[in-house]
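What you see below is based on every heavy atom in this structure, not just the backbone, and it leaves out hydrogens, waters and symmetry mates. Model, not experiment: these values are computed from the prediction. First the proteins, then the strands, lettered A, B, ... as listed; each starts at 1.
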Amino acid sequence: MVAMNHELLLGWWDTAARDLPWRRPDCTAWGVLVSEIMLQQTPVSRVEPIWHEWLARWPVPSAMAASSQGEVLRMWGKLGYPRRAMRLHEAATAIARDHGDVVPSDVETLESLPGIGSYTARAVATFAYGQKCAVVDTNVRRVVARAVHGAGDAGPPSTKRDLRDVEAILPSSQQDAAVFSAALMELGALICTARNQKCADCPLFAECAWQLAGRPAYAGPEKKAQKFAGTDRQVRGKLLDVLRGAPGPVPKMQLDVVWNDITQREKCLVSLLDDGLVEVTRDGLFALPGEH
DNA sequence: CATTCGTGGCG
DNA sequence: TCGCCAAGAAT
């Protein structure tokens with residue numbers, strides 16, 4: 001594929017795009033930001049119900065800033081990676097205090113906020129404000145690897161190179177660029193998936209470099225499978241789940257029962273305290289931050 | 001640049 | 001069953 005045929009993808013988007021709440025015209029920039037944070041490493045199906053609860057409860061950043069971190073962690077529930085919720089609370093506080101309660105529109109300022117990196121900053125600038133900039137997530141990387149480079153899958157991420165790759169195929173029109181980015185991501189999510197890709201339904205089938213090359217297998221460096229069972233991540237999750245399930249502060253014994261390995265358990269509790277996800281009360285009880 | 005950080009569903 | 005995967009960021 002020498003040059004991406006934008007019309008094919010834009011046309012497909014019109015007929016195939018999912019009707020997600022954060023894509024509706026009445027969705028605020030804050031709503032878009034919340035969705036982007038929640039969607040990091042997390043499937044749409046699990047995000048959607050929580051997103052509705054959040055926007056109903058905290059329609060603007062200042063509303064969330066007025067809530068405690070513990071309250072935010074409870075509302076986050078089991079979405080995973082709870083530090084995202086903490087950082088979003090921090091970001092909401094900064095937006096309310098420093099930006100007039102308006103989510104910033106330029107990539108630079110967005111990236112300066114906690115929890116907002118290269119992808120999320122560009123996603124908000126593009127999807128909430130219609131700006132023209134490259135948006136690179138795992139879906140886009142995979143689609144570009146196949147359709148443009150003819151590889152079976154994307155190699156290890158490289159922020160600078162990945163950005164250049166996508167900038168090279170971005171439509172010149174600002175309006176098209178925003179839809180194009182959304183469509184690229186949608187294609188990766190629905191058609192050009194990691195496994196069991198649906199090439200027969202792909203709008204780029206005829207010009208896809210991977211198809212034209214005979215769909216060679218991924219040739220890059222081996223990807224390390226992420227373990228979970230037995231990791232600190234699992235232990236931290238169990239500890240935090242106790243606090244989420246309790247109405248208030250709990251004695252340490254309640255935390256001790258969730259994991260047998262004392263050394264690992266204590267290490268994880270300390271790390272949760274370090275991250276500000278857990279606090280100790282005056283009475284030596286353990287609580288979600290701000291809930292005592 | 002490589003690791004760490006949750007959780008659950010699916011083939 | 002269990003490895004793999006799901007809109008990344010911070011360090």
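No hydrogens or angles considered: nothing links the side chains of A:R142 and A:Q197 as a donor-acceptor pair under 3.5 Å. In the model, A:Q40 has no side-chain atom that pairs as donor or acceptor with a side-chain atom of A:Y119 under 3.5 Å. Between A:R122 and A:S181, the side chains place no donor N or O within less than 3.5 Å of an acceptor N or O (distance only, hydrogens not considered).
Taking atom C1' in both C:dC5 and B:dC5, one finds a spacing of 16 Å when rounded to whole Å. B:dG8 and C:dA9 are spaced 23 Å apart, taking the P atom of each and rounding to whole Å. Spacing of C1' atoms, C:dA7 relative to B:dA2, comes out at 22 Å, to the nearest Å. Separation of the P atoms belonging to B:dT3 and C:dC4 is 16 Å when rounded to the nearest angstrom.
Applying the side-chain contact (heavy atoms from CB on, under 4.5 Å) rule to A:V44 yields the partners A:R18, A:L20, A:W22, A:L39, A:E48; only residues at least two apart in sequence or on another chain are considered. Partners of A:W13 under the ring-ring contact (aromatic ring centres under 6.0 Å, His included) rule, at least two apart in sequence or in another chain, do not exist in this structure.
Atoms CD1 and NZ, on A:I262 and A:K267 in that order, are 15.5 Å from each other to the nearest 0.5 Å. Rounding to the nearest 0.5 angstrom, the gap separating the OG1 atom in A:T109 from the NE2 atom in A:H99 is 6.0 Å. Going from atom CD1 of A:I37 over to atom CH2 of A:W54 covers 9.5 Å, rounded to the nearest 0.5 Å. To the nearest 0.5 Å, atoms NZ (A:K224) and CD (A:E222) are separated by 10.0 Å.
Residues A:W12 and A:V148 fall within the same hydrophobic cluster, defined by Ile, Leu, Val, Met, Phe, Trp and Tyr side chains chained together at heavy-atom separations under 4.5 Å. No single ILVMFWY cluster, assembled from side-chain heavy atoms under 4.5 Å apart, contains both A:V60 and A:V124.
Counting any heavy atom pair closer than 4.0 Å across all strands shown, A:T193 reaches no nucleic acid atom. Using a 4.0 Å heavy-atom criterion, one finds that A:R23 contacts the bases of the nucleic acid, with or without backbone contacts as well. A:A194 comes within contact range of the sugar-phosphate backbone alone, with a heavy-atom separation under 4.0 Å but no base atom that close. Within the 4.0 angstrom heavy-atom criterion, only backbone atoms of the sugar-phosphate kind lie near A:S118; the bases stay farther away.
Here the range on DNA chain C touched by chain A, meaning any atom under 4.0 Å from one of its heavy atoms, is C:dC4 to C:dA10.
Shortest non-hydrogen contact noted between A:C192 and A:R146 is SG-NH1, 3.2 Å.
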| Summary of protein contacts for nucleotides 1-11 of chain B, nucleotide by nucleotide, where a base hit scores B, a sugar-phosphate-only hit scores S (4.0 Å, heavy atoms) | --S-BBBS---
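Comment: A:D19 engages A:R24 in a salt bridge, judged by a side-chain N to carboxylate O separation of less than 4.0 angstrom.
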| request: For salt bridge (charged side-chain N to carboxylate O under 4.0 Å, His left out), just list the numbers for A:K252 and A:E266, CA-CA rounded to whole Å, side-chain angles, deciding distance to a tenth of an Å, and then say yes or no. | output: CA-CA 11 Å; A:K252 187 159 184 305; A:E266 293 301 317; 2.6 Å; yes
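Residues from residues 6-22 of chain A lying near DNA chain C, meaning a heavy-atom separation below 4.0 Å, are A:R18, A:L20, A:W22 in numerical order. Applying a 4.0 Å cut-off to non-hydrogen atoms, the residues of residues 176-191 of chain A that approach DNA chain C are A:M185, A:A189, listed by residue number.
Along DNA chain C, the nucleotide nearest to A:I116 and the one nearest to A:V44 differ in position, and the one closer to the 5' end is contacted by A:V44.
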